[in-house]
K.L.:
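Encoded as structure tokens, here's the structure I'll be asking about.
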Amino acid sequence: MAVIDIERPRTSAGRRAVAALLAVLALVHLYWAAGLTWPAADERALSLAVLGSVVSFGPAVVLPLAALEGCAAFAVALHTRGGGRRYGIPRLMTAAVAAGMLLRGAVGLVWIVVGRDGSGAAFPWLNALVYTPLCLVFGGVALRAVR
């Protein structure tokens with residue numbers, strides 16, 4: 001009698017989704033490192049929309065983020081390829097991704113409830129409708145993938 005693991009396809013698809021999201025984020029940060037500001041008109045508007053305050057989006061700031069996200073995407077993908085049987089660095093990185101996303105989601109919930117002065121018009125909406133839900137959902141998926 002063959003045993004079929006019905007949980008594996010779901011967690012494997014979730015891991016692939018988390019790895020894909022991280023890879024896309026790494027590419028977006030590389031795009032911004034090149035000095036391009038889409039979808040905003042300029043760096044100030046981009047900073048207000050993405051972070052809610054004015055900070056640099058120069059290469060010294062966004063290239064390390066792109067490298068971190070790229071390495072995390074690779075580790076999560078490697079963990080996916082192992083089908084949950086591999087332990088060590090890929091599993092640890094997947095756990096770190098889950099913790100980071102869930103922490104950002106929790107902070108996003110605080111921002112939604114408490115609010116922030118001077119955060120611009122776009123950030124509160126983007127935070128409530130895009131950033132926080134994505135972090136909570138993908139953080140939960142990554143956490144499930146670690147188990």
Side-chain angles (χ1 to χ4, degrees), residues 1-41 43 45-53 55-114 116 119-120 122-147:
M1 177 158 130
V3 176
I4 299 172
D5 184 1
I6 61 172
E7 290 295 317
R8 184 173 175 206
R10 241 186 325 184
T11 57
S12 184
R15 289 179 195 153
R16 283 194 299 273
V18 171
L21 176 68
L22 290 166
V24 167
L25 287 173
L27 290 173
V28 167
H29 281 98
L30 287 174
Y31 178 85
W32 289 336
L36 303 167
T37 59
W38 179 88
E43 187 174 316
L46 178 65
S47 179
L48 285 171
V50 172
L51 298 172
S53 60
V55 296
S56 172
F57 268 69
V61 175
V62 293
L63 281 177
L65 289 172
L68 181 65
E69 291 158 345
C71 289
F74 178 74
V76 173
L78 191 61
H79 185 53
T80 299
R81 194 175 151 106
R85 292 184 298 274
R86 286 190 184 173
Y87 295 99
I89 302 291
R91 184 169 188 248
L92 184 63
M93 288 287 291
T94 303
V97 165
M101 288 183 148
L102 290 172
L103 178 63
R104 169 53 183 91
V107 169
L109 290 173
V110 171
W111 271 327
I112 291 167
V113 173
V114 176
R116 290 184 59 197
S119 62
F123 178 76
W125 290 103
L126 289 170
N127 180 53
L129 300 174
V130 179
Y131 307 146
T132 298
L134 273 177
C135 286
L136 291 173
V137 168
F138 279 89
V141 168
L143 182 63
R144 182 182 167 111
V146 172
R147 296 185 208 191

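If you're wondering where the values come from, they're calculated on a predicted model, not measured in any experiment.
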K.L.:
Do V61 and V55 make a side-chain contact, defined as non-hydrogen atoms from C-beta onward lying under 4.5 Å apart?
P.N.:
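With C-beta onward as the side chain, the pair stays apart.
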K.L.:
Quick check: closest heavy atoms across L102 and G140, and the distance to 0.1 Å?
P.N.:
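Result for this residue pair: CD2-N, 3.8 Å.
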K.L.:
CD of E69 to CG of L21: how many Å apart, nearest 0.5 Å?
P.N.:
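If I round to the nearest 0.5 Å, the distance is 8.5 Å.
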K.L.:
Pick one: which of F123, W125, Y131 meets ring-ring contact (aromatic ring centres under 6.0 Å, His included) with W111?
P.N.:
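By the ring-ring contact (aromatic ring centres under 6.0 Å, His included) criterion, W111 pairs with just one of F123, W125, Y131: F123.
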K.L.:
For L63 and A33, work out which heavy atoms get closest and say how close.
P.N.:
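Smallest interatomic distance, heavy atoms only, reads CD2-CB, 3.7 Å.
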K.L.:
Just so I know, are the side chains of R16 and V76 near enough to count as touching, which here means a heavy-atom distance under 4.5 Å?
P.N.:
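Of all side-chain heavy-atom pairs linking V76 with R16, none is under 4.5 Å.
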K.L.:
So which heavy atom on V97 is nearest to which on A142, and how close?
P.N.:
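So the two residues come closest at CG1-CB, 4.4 Å.
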K.L.:
What's the spacing between L51 CG and L126 CG if we round to 0.5 Å?
P.N.:
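Between L51 CG and L126 CG, I get 11.0 Å after rounding to 0.5 Å.
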K.L.:
Checking H79 against R15 for the side chain to side chain contact (heavy atoms under 4.5 Å, CB included) test, could you report, in this order, the C-alpha distance in whole Å, the side-chain angles of both residues, the deciding distance, and whether it holds?
P.N.:
CA-CA 8 Å; H79 185 53; R15 289 179 195 153; 3.5 Å; yes
K.L.:
Is the backbone N or O of E43 less than 3.5 Å from a side-chain atom of S47, with the two atoms forming a donor-acceptor pair by type?
P.N.:
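The answer is no, because no donor-acceptor pair under 3.5 Å joins these two groups.
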K.L.:
Say whether, by atom type as modelled, one donor and one acceptor occur between the side chain of R91 and the main chain of V146 under 3.5 angstrom.
P.N.:
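Answer holds: yes.
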K.L.:
Answer yes or no: is there a donor N or O on one side and an acceptor on the other, between the side chain of H29 and the main chain of L25, under 3.5 Å?
P.N.:
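Judged by distance alone, yes, a pair lies under 3.5 Å.
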K.L.:
In the structure I gave you, are the side-chain heavy atoms of P39 and L46 within less than 4.5 Å of one another anywhere?
P.N.:
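In short, these two side chains touch, coming nearer than 4.5 Å.
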K.L.:
Would M101 and L136 satisfy side chain to side chain contact (heavy atoms under 4.5 Å, CB included), going step by step from the backbone distance to the final call?
P.N.:
CA-CA 7 Å; M101 288 183 148; L136 291 173; over 6 Å; no
K.L.:
State whether the side chain of T94 and the backbone N or O of P90 hold a donor-acceptor pair below 3.5 Å, judged by distance alone.
P.N.:
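Yes; judged by distance alone, with no hydrogens or angles, the pair exists.
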K.L.:
Once ring pair (Phe, Tyr, Trp, His ring centres under 6.0 Å) is applied, do any residues pair with F57, and if so which ones, sequence neighbours excluded?
P.N.:
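If we apply the ring pair (Phe, Tyr, Trp, His ring centres under 6.0 Å) test to F57, skipping adjacent residues, the hits are W32.
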